[in-house]
Amino acid sequence: GAGVSQSPSNKVTEKGKDVELRCDPISGHTALYWYRQSLGQGLEFLIYFQGNSAPDKSGLPSDRFSAERTGGSVSTLTIQRTQQEDSAVYLCASSLATGVRHSPLHFGNGTRLTVT
Amino acid sequence: ILNVEQSPQSLHVQEGDSTNFTCSFPSSNFYALHWYRWETAKSPEALFVMTLNGDEKKKGRISATLNTKEGYSYLYIKGSQPEDSATYLCVFNQAGTALIFGKGTTLSVSS
């Protein structure tokens with residue numbers, strides 16, 4: 001498809017397990033963002049990739065969270081030793097290389113993570 | 001810490017009413033402001049990207065204005081319809097920083 005694709009759409013995991021969330025951006029979009037929305041909260045920035053530059057990891061809430069982007073395309077967000085407070089909807093978005101000054105974000109449908 | 005405030009937090013109107021919401025953001029080093037509509041069970045969808053002070057953008061019954069000097073943007077919906085029910089997100093971009101999302105205004109339109 002032509003949109004941002006995220007998988008899985010839903011993930012239920014036990015506390016302490018590791019999870020991997022995947023994002024496939026729109027072809028040609030070099031900027032990729034991860035956000036999450038916890039229950040009753042707004043969207044929280046996690047990490048931003050732009051081309052080959054070092055990612056902006058300033059939003060990652062703890063060292064249990066990491067993300068990588070292989071070949072400038074697909075990105076994986078990994079959460080190690082999941083905790084209940086990690087339960088949220090994790091959204092991925094991409095935009096054109098020219099950045100958000102003229103290009104809107106295109107969002108995936110999100111991954112709903114539930115940690116039991 | 002950069003803060004983006006949206007008000008009201010939620011709003012309930014009758015079909016046919018016109019309404020507006022506010023997004024407040026820091027007025028220094030302005031780069032861009034976006035508005036998104038986020039319907040339940042869907043992903044956020046871009047409405048407007050605004051970059052210049054005094055910008056006015058329109059899409060059907062929805063329009064937005066931008067004042068970068070005083071740090072606010074208004075989103076207007078004329079003649080609200082039930083399909084306008086959604087959360088409206090304001091996203092602020094200051095030069096050199098990551099995008100900052102407001103918490104949104106949730107609009108509910110009754111027929």
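Letters A, B, ... mirror the listed sequences (proteins, then strands); counts begin at 1.
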Tabulate below the donor-acceptor pairs under 3.5 Å that side-chain atoms of residues 73-89 of chain B make, not counting sequence neighbours, or state none.
residue : atom : partner : partner atom : Å
B:S73   : OG   : B:W35   : NE1          : 2.9
B:S73   : OG   : B:T65   : O            : 2.6
B:S80   : OG   : B:D17   : O            : 2.8
B:Q81   : NE2  : B:G79   : O            : 3.2
B:D84   : OD1  : B:R61   : NH2          : 2.9
B:D84   : OD2  : B:R61   : NH1          : 2.8
B:D84   : OD2  : B:R61   : NH2          : 3.1
B:D84   : OD2  : B:Q81   : N            : 2.8
B:S85   : OG   : B:P82   : O            : 2.9
B:S85   : OG   : B:V109  : N            : 2.9
B:T87   : OG1  : B:T106  : OG1          : 2.9
B:Y88   : OH   : B:D84   : O            : 2.6

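- If you measure heavy-atom distances from A:L91 to chain B, the contacts under 4.5 Å come from the side chain alone.
- Ranking B:Q6, B:M50, B:K103 against chain A, the residue ahead of the rest is B:K103, based on heavy-atom pairs under 4.5 Å.
- Summarising the local packing, CD of A:E85 is surrounded by more than 12 heavy atoms from other residues, nucleotides or ligands at distances under 6.0 Å.
- Take A:T13 and apply the side-chain hydrogen bond (donor to acceptor under 3.5 Å, both in side chains) test, not counting sequence neighbours, and it matches no residue.
- Taking the six-membered ring for Trp and the full ring otherwise, A:Y35 and B:F101 have centroids separated by under 6.0 Å.
- Hydrophobic clustering keeps A:V115 apart from A:V89 (ILVMFWY residues linked when any side-chain heavy atoms are closer than 4.5 Å, directly or through intermediates).
- A donor-acceptor pair under 3.5 Å is formed between the side chain of B:Y36 and the backbone N or O of A:L105.
- In this structure, chain B has no heavy atom under 4.5 Å from any part of A:E44.
- Taking both residues in full, the closest heavy atoms of B:S43 and A:F107 are given as OG-O, 3.5 Å, listed atom of the first, atom of the second, then distance.
- More than 12 non-hydrogen atoms from other residues, nucleotides or ligands lie less than 6.0 angstrom from CD of B:E15.
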